[in-house]
Amino acid sequence: MSVKYREFSGLNLPTIEKEILQKWEESNAFEKSIDLREGAEPFVFYEGPPSANGLPGIHHVISRTLKDLVCRYKTMQGFQVKRKGGWDTHGLPVELGVEKELGITKEDIGKKISVEDYNQKCREAVLRYKDKWDEITKKMGYWVDLNDPYITFENNYIETLWWMLKRLYDKGLLYESVSIQPYSPGAGTGLSSHELNQPGTYKNVKDTSVVAMFKAVENEKSKFLFDTVGDQQSAEVFFLAWTTTPWTLPSNLGLTAGPNIDYVLVKTFSPYTHLPVNVILAKALLGKYFKPEGENAGFENYSEGDKLLPWQILAEFKGSDLEGIEYEQLLPYEANSLKNIQSIGDDEAIKPFRVILGDFVTTEDGTGIVHTSPAFGADDYKVGKKYNIGILTMVDRQGKFVDGLGEFSNRFVKNYKDDKSYEDVNVDICVKLKKENRAFKVEKYEHTYPHCWRTDKPILYYPLDAWFIKTTALKDRMVELNKTINWKPKSTGEGRFGNWLENMVDWNLSRSRFWGTPLPVWKTEDGSEQICIGSIEELNSGIRKANEVLGGNVNENYLHEGILDLHKPYVDEIVLVSPTGKPMKRVPDLVDVWFDSGAMPYAQWHYPFENKDLVDGKKTFPADFICEGVDQTRGWFYTLHALGVLLFDNVAYKTVVSNGLVLDKNGNKMSKRLGNVVDPFQTIDKFGADATRWYLITNASPWDNLKFDIGGIQEVQRKFFGTLYNTYQFFSLYSNLDGFAFKEVYIPLEQRSEIDRWILSSLNTLVKTVTESMDDYEPTQAGRAVEEFVDEHLSNWYVRLCRRRFWKGEYEQDKIAAYQTLYECLETVVRLIAPISPFFSDAVFQNLNAVTNRFKVESVHHANFPKSNADAIDIALEERMQLAQDASSLILSIRKKVNIKVRQPLQKVLIPVLNSTMKEQLSKVEDLIKSEVNVKEIEYLTATEGFINKRIKPNFIALGKRLGSKMKTVSAEIGKLSQQDISRFEKEEKFILEVDGEPLILRLADVEISAEDIPGWSVASKGTLTVALDITISNELRKEGEAREFVNRIQNLRKDSGFEVTDRININIVENERLVHSINDYKNYICAEILADSIDFVPEISDGTQIEVNDILLKVSVIKKA
RNA sequence: AGAUCCGUAGCUCAGCCUGGUUAGAGCACUACACUGAUAAUGUAGGGGUCAGCAGUUCAAAUCUGCUCGGGUCUACCA
């Protein structure tokens, strides 16, 4: 037996990991883990591509740990798990980073720097931190294939995107429309939601707000209003509508009411003109404009100076009653005439200036009637479209009013030019309305409003042309298929994602940026003809055709080789030709980067131009599993799902795990600003990837937010890895001495001792638990179960109780059984934890396997996951071991209380047994208890009246159901039972209780009886288990105790002297009256324990050591035999 | 504003789905013990209005509703 188990010199996870990493690299362990499963059933995993233009953070480590552990687990379960990596390379963050670096703004692109150069910069920037990413990937033990990653800016990738876009186009799911988007007149550009969410964009501002009065037209529809008003002098009826942006009023086309909101018609006076008026507003908002004491008061006596406005409700009705009522245009000018409105929309059916209905109306602010200008609000636009009230954009892209608006023409709606003499046009509009009896209330209103992060000016919501994917067309199918997806946690799928699907709007694909996938749509100048390109080949033939048809130098740079780069500016230089022979230019839009990532299932394989079968043959589609942060719910999870359903009528993933955020230890979000960002490199270097991974996984469920605390990693390192390490060290120490290499036949379970069968039973139960948890994507449960096993069962019970078996005696059956058992536990545990902590598990596995060669693999990651052996599981055994642990713990606590150390043997323990099962269970573990607590015998007490005091209490679960409300009375009655009653109850197994004059028959199952006390003994109890300890120390016991103390002291001396465990010794003791009997009586025992060949009492020792045994001092010398 | 997750010991978390009468564990703290696993370990102790309020129930940490606090996502609107 030349090969020995390698013994670690100390637990240093980072060092072990470096070593393992090197081995993995040398042996291509990752590639092999896939190759070894060639032909096996695939388990499909998609890597959500990170963007390498930022540094990896600790939050990347958690989601990658989750991905990695699932993939490793599935591999060990026999699946082939290919893991193609990828890089997300397009998009705004990249562009902003480059702009910052170059010190330019969007406007400079094409001026100070050409689009070509700019995009080149972006291309260089996207993989700026690739090295850092590769490093963290390696160090954290994330196995992913980065040799052949998909990169979203590559032509092949973009070509697949084009193919997809064309398919959508052909299906009629890609269309152009206006959408109302945040727009910065100062910067002259639309803003993405990302830009709008920059810190500090939402500012508290005071705006001039106005409640405007829209005069209702009297006709058949509005008759019921005017009837109520009667023939007052001024029979005018006004709708009140509030706005904080008076500049939108010239563009007003409708008034939106809530169909179920209660409205009232109120007779009152205008606070400004003091003319009698009748106004309509939501009933719930009356209090905002009218004082209670003004109701029905003094209309006749009202005069201009009066503070109190008299008012009276004339009628009450629902919003739905108002639908269709017309009103006079508030600010009519040339530019916003009905004729113009209809000609803008090219539709004579457009009918503005009506009351329409919308669900978005609330009664929290304003009047409950919303002034609606479809150009300047998304809700307005939507409802306006539904009612076909047209659209007016009376503000140009610079942020000023257009011509034809009288005195307001060409005035900026906000001070976009930093004009010192700027006068707020909103105020002037309000003044005009006041004068014309069209304003009911004008005031400054404070609210938050988004500002452009670049110009610091308030943004406008502005209609811009954009391309959309008609996701709403397949909404039902998306909802339906979502129900088949296994969401972890479930609530995210049903709640956050489900709601999102229910409220889906069409996907706005357009981005007016530079670095991204160009939308492959070309249009003729008049827009009458357009074409969507679906491949490079199609584009190249279009290039040639256009040159042939249009002649001249059209596309001359692209005739020879075709297009080489599918980005701007090149694609924009291409002119195509329409069927009717007109030139077509590309629409300038880029595609939302989320389309890039949502397309990765297909684009990563350049589908359908290559690898067609991978997708069509369902070999790599859909994914069995994906995992990202919960913030991806409406990002990647959505786009994957949308494209999967839209294009393939299939889910894109079967299981999705959305992990929570990583917060700092105080629960704050990590941010550079706060300086609380955890550097994953430092953490891993210091504590090791395994401890970090284990901590991240076991500390909280993946979907809960994690409060990241370095202290927690230290704890994991010490508690879990330290314990496992110690257990392994213990094993290797002794098996190296004994030469155990698992060469002997596997000893059948029935021939092993109780404790061996117990730990193996627990082990198999553990395997079952872990497998179930992992299958259910609950790694936290799995990890915690292993922790408990290693700590509580394996280390603190099995090894502690079995230590002697390893170091004492010959290498025979029982010892071999112990080795086999402990070995099996270690070998199984490391395979169980391999997915979570890939390094340490592999180190231990390889150390074990190097000696025994039980697995014909190089790495734990090539081994199979353990399978639970149901035959090895013995629930009764596990229960009685628990009983033994509890009993021991109780006895030790008594020893502690009366201050008798464990080395002092005691004679007897009494344990009252409540039934025969309990006695049977206890007697099977009797020896364990006795040796653990150093007691000679255990006596079982059966119900002997007077000796044991018993306690009885109702079994609430059983009785509660039966008794219901009588429970309280019965509970009290049971509590009153005497010791005699309880005995009789136990003997007869039933008891009749008088409750409210009625007999109630109780069975034993209806109550819980426990032993409480044994008068005259030292007792302790836990649950139904009670123990009593005989604490008298006889002379014989005292001597044995002293012998044991003596052994202990000598063992310490051996250790201090640096003797080997196997060295034999001779001992001389200076004669000592008080201990001579103890030592002589137990000489054989002592010699056996301390490996002594002789113990002699001598008159004097020259250079001995002073030791102490139970306060007795004596001098000894220990001599190692040569 | 809506959706969702979370709130249990000083800290990190179990328990909640399926309600049952002394609410657990680890860490930390205190004291004692142990010392052929020792960068360990055992025993004991203090420490809780289970965020708050209300409801359902014989019985609520557990079920329901509301409120408060924290996080995230979406939206930001007259």
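We name chains A, B, ... by the order of the sequence lines, and we start the count at 1 in each one.
- Residue-level contact check: A/Tyr461 touches the backbone only, with heavy atoms under 4.0 Å from sugar-phosphate atoms and none from bases.
- Within 4.0 Å (heavy atoms only), A/Gly366 reaches no atom of the nucleic acid at all.
- Atom CD1 of A/Ile891 and atom P of B/A33 are 21 Å apart (whole Å).
- Applying the ring-ring contact (aromatic ring centres under 6.0 Å, His included) rule to A/Tyr728 yields the partners A/Phe8; only residues at least two apart in sequence or on another chain are considered.
- Residue A/Tyr798 is classed as having no contact, given no heavy-atom separation below 4.0 Å to the nucleic acid.
- Atom OH of A/Tyr381 and atom C1' of B/A75 are 19 Å apart (whole Å).
- Computed from coordinates, the A/Asn508 CG to B/U74 C1' distance equals 16 Å when rounded to whole Å.
- For the P atoms, the distance linking B/G52 with B/C11 amounts to 15 Å, nearest Å.
- Between A/Trp487 and A/Phe637, the angle of the ring planes goes over 60°, which puts this pair in the perpendicular group of the 30/60° scheme.
- No hydrogens or angles considered: nothing links the side chains of A/Gln717 and A/Trp694 as a donor-acceptor pair under 3.5 Å.
- Nearest nucleotide to the A/Val799 side chain, out of B/A37, B/G26, B/C34: B/A37.
- To the nearest whole angstrom, the two C1' atoms, one in B/G47 and one in B/U22, are 16 Å apart.
- A/Thr372 and A/Thr256 share a donor-acceptor pair across their side chains, judged by distance under 3.5 Å alone.
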| task | Using a 3.5 Å limit on both pairing distances, list the dot-bracket string of RNA chain B from the 5' end; Watson-Crick and G-U wobble pairs count, crossing pairs take [ ], interstrand pairs take |. | result | (((((((..((((......[...)))).(((((.......))))).....(((((..]....))))))))))))....
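- One interatomic measurement links the two molecules: CG of A/Asn796 to P of B/U38, which rounds to 14 Å at whole-angstrom precision.
- Of the candidates B/C77, B/C13, B/C58, B/C58 carries the atom nearest the A/Lys968 side chain, counting heavy atoms from C-beta on.
- If you check every strand for non-hydrogen atoms under 4.0 Å, A/Asn699 touches sugar and phosphate atoms only.
- In this structure, of B/C77, B/C34, B/A37, it is B/C34 that holds the atom nearest to the side chain of A/Lys901.
- Spacing of C1' atoms, B/A23 relative to B/G70, comes out at 24 Å, to the nearest Å.
- With distances taken from any side-chain atom of A/Lys953 to the nucleotides B/U43, B/U22, B/C77, the minimum falls on B/U22.
- Rounded to whole Å, the separation between the P atoms of B/A14 and B/A1 comes to 30 Å.
- Atom CZ of A/Phe956 and atom P of B/U62 are 18 Å apart (whole Å).
- If you check every strand for non-hydrogen atoms under 4.0 Å, A/Lys966 touches nothing.
- Side-chain atoms of A/Asn659 and A/Glu628 include no donor-acceptor pair closer than 3.5 Å.
- If you check distances only, the side chain of A/Thr723 never reaches the base of B/A40 with a donor-acceptor pair under 3.5 Å.
- The pair A/Lys488-A/Glu778 counts as a salt bridge, with a side-chain nitrogen and a carboxylate oxygen less than 4.0 angstrom apart.
- Residue-level contact check: A/Asn1048 touches the backbone only, with heavy atoms under 4.0 Å from sugar-phosphate atoms and none from bases.
- Spacing of C1' atoms, B/G71 relative to B/A9, comes out at 23 Å, to the nearest Å.
- Put simply, CG on A/Asp791 is 9 Å from C1' on B/G26, counting in whole angstrom units.
- Residue A/Arg718 is classed as a sugar-phosphate contact, given heavy-atom separations below 4.0 Å to backbone atoms only.
- Spacing between B/A3 and B/C53 at atom C1', rounded to whole Å, works out to 24 Å.
- As judged by a 4.0 angstrom heavy-atom cut-off over every strand, A/Ser795 is placed among the base-contacting residues.
- The pair A/Lys719-A/Glu787 fails the salt-bridge criterion, with no side-chain N (NZ, NE, NH1 or NH2) lying under 4.0 Å from an Asp/Glu carboxylate O.
- For the C1' atoms, the distance from B/G20 to B/A25 is 22 Å, rounded to whole Å.
- Atom pair A/Met967:CE and B/U21:C1' shows a separation of 9 Å (rounding to whole Å applied).
- Residues A/Gln1051 and A/Pro489 each lie close to RNA chain B; by heavy-atom proximity, the contact nearer the 5' end of the strand is made by A/Pro489.
- Listed candidates were B/A37, B/G42, B/C77. Nearest to the side chain of A/Asn726 is B/A37.
- Nucleotides of RNA chain B nearest to A/Ser701 and A/Ala958 differ in position, and the one nearer the 5' end is that of A/Ser701.
- A salt bridge is defined here as a Lys NZ or Arg NE, NH1 or NH2 lying under 4.0 Å from an Asp or Glu carboxylate O, and A/Arg804 with A/Glu1089 meets this definition.
- In this structure, CD of A/Gln717 is placed 14 Å from P of B/A39, rounded to the nearest angstrom.
- Taking the C1' atoms as reference points, B/U62 lies 13 Å from B/U57, given to the whole Å.
- As judged by a 4.0 angstrom heavy-atom cut-off over every strand, A/Arg895 is placed among residues making no nucleic acid contact.
- A/Glu1045 and A/Arg1049 are joined by a salt bridge, as a carboxylate oxygen and a charged side-chain nitrogen come within less than 4.0 angstrom of each other.
- In this structure, A/Tyr734 and A/Phe806 have tilted ring planes: the angle between them lies in the 30° to 60° band.
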